[in-house]
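We use all heavy atoms of the structure for the numbers below, so side chains are in, but hydrogens, waters and symmetry mates are not. Start at 1 and go down the list; that is how both ligands and their atoms are numbered.
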Amino acid sequence: MRVVKFGGSSVADAERLRAAAAIVAAHQAQARVVVVVSALASVTDTLLRAAGQIQMGEGAWQATLAKVAERHQAIYRALAGRVPDDFARQWAALLAEAATLPPRDPATELAALEAARFSGWGERLSVPLLALALIAAGTLAEGFTEAPVLLANRDPFALAEPSILATRASLVPRLGPLLLRDGVPVLPGYIARDAEGRATTLGRNGSDYSAAIIAAALGAEALYIYSDVPGIYTADPHRFPDATLLPTLTYAEVRAIAATGAKVLHPRTVEPLVRWGIPLHLRSSFAPDAPGTDVLPDPVLATTVAG
Ligand code: ASP
Ligand code: MG
């Protein structure tokens with residue numbers, strides 16, 4: 001089984017969602033697939049802005065959220081010709097949650113936590129869109145909007161500590177029946193639940209980390225992460241045109257590169273992969289067949305290099 005993760009720019013609009021569906025179909029021809037998806041590009045930022053406006057008591061939040069609704073509705077129309085009733089239900093639940101964000105000083109830690117939790121709606125909204133794109137392309141698929149990653153944490157302000165076993169115990173019975181029919185589950189990145197059952201997130205850009213936790217929990221043979229660049233370069237390719245793509249790296253090298261703040265991967269992504277020895281393949285969803293960066297368990301890399 002492979003876990004295949006798409007970042008926000010890989011699902012930004014109907015065309016990108018169709019391209020993502022084609023990538024999933026190509027994987028599915030070779031192995032069982034579980035998909036993890038980010039919010040559509042820029043939606044997390046917009047939801048955080050809306051939460052801040054609500055917390056400041058600014059009426060502008062309504063217009064901010066309306067733009068998010070319109071964007072998703074336009075994609076539903078492009079993919080399926082209509083907006084499903086499920087979207088209206090989701091949106092009503094989102095507005096109900098917005099109403100629980102009381103006006104308060106948005107500089108407090110608690111307000112930031114509540115805003116982050118609210119921003120998790122971005123992934124809950126993108127999951128059914130990608131599931132729909134897959135179904136429209138003829139792939140059996142189903143979206144599971146509940147937070148897939150379970151944490152051992154009880155303190156909401158502590159660093160997220162994923163429980164691989166609890167995540168596995170909750171995912172296997174939920175996804176098993178669909179996987180046995182060769183269907184593709186689509187899961188939200190970024191959002192998680194703590195040991196008290198409270199909704200939380202893995203922090204900004206946490207979907208890579210989600211995908212790695214899910215890959216470990218399900219014993220995946222590999223994790224594929226699709227973004228708008230094929231992999232890790234010797235320098236930022238947007239600033240240095242001479243930068244070259246690094247074809248293979250070890251987990252330790254990736255961890256070191258991510259720790260420098262280079263926007264390549266959430267820095268904790270490699271943690272579950274190292275422990276479970278799961279190879280990571282970085283690719284561009286804009287050129288899925290082009291070479292990317294392969295991050296291999298260190299002994300495998302040593303054998304490859306020696307052989
Ligand atoms: N949507 C979340 C963010 O933008 C998580 C992610 O994309 O990885 O931070
Ligand atoms: Mg994002």
Which residues pass the side-chain contact (heavy atoms from CB on, under 4.5 Å) test with A115, sequence neighbours left out?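 A115 satisfies side-chain contact (heavy atoms from CB on, under 4.5 Å) with L48, A51, Q55 only.
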
At a 4.0 Å threshold, what atoms of ligand 1 neighbour a non-hydrogen atom of S38?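 Answer for ligand 1: 6 (C), 7 (O), 8 (O).
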
Could you list which atoms of ligand 1 come closer than 4.0 Å to a heavy atom of S207?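 Contacts of ligand 1 toward S207, numbered from 1: 5 (C), 6 (C), 7 (O), 8 (O).
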
Before signing off on this row, confirm whether D208 and ligand 1 have an N or O atom pair separated by under 3.5 Å.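 No - when backbone and side-chain N and O of D208 are compared with those of ligand 1, no distance drops under 3.5 Å.
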
Does an N or O from T44, backbone or side chain, lie closer than 3.5 Å to an N or O of ligand 1?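 Yes, since at least one N or O of T44 sits under 3.5 Å from an N or O of ligand 1.
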
Carboxylate-amine/guanidinium proximity below 4.0 Å for R89 and D86: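 Result for this pair is yes, salt bridge flagged.
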
Sidechain-backbone polar pair: D208 side chain, L265 backbone, donor-acceptor under 3.5 Å: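 Answer holds: no.
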
Return yes when G189 approaches ligand 1 closer than 4.0 angstrom through a heavy atom, no otherwise.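 False for this residue.
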
In residues 137-153, what donor-acceptor pairs under 3.5 Å come from side-chain atoms, sequence neighbours left out?
from	atom 1	to	atom 2	distance (Å)
N153	OD1	E161	N	2.6
N153	ND2	L159	O	2.7

Run down the list K5, R204, E123 and name the one with the heavy atom closest to atom 1 (N) of ligand 1.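 Closest candidate by heavy-atom distance is E123.
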
Between V43 and H72, is there a side-chain heavy-atom distance shorter than 4.5 Å?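 Sidechains of V43 and H72: in contact.
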
Taking the side chain as every heavy atom from C-beta outward, state whether L273 and V295 have any pair of such atoms under 4.5 Å apart.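 Result no, sub-4.5 Å side-chain heavy-atom pair not found.
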
What part of H266, side chain from CB on, backbone N/CA/C/O, both or neither, has a heavy atom under 4.0 Å from ligand 1?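 Near ligand 1, H266 shows nothing, with every heavy atom at 4.0 Å or more.
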
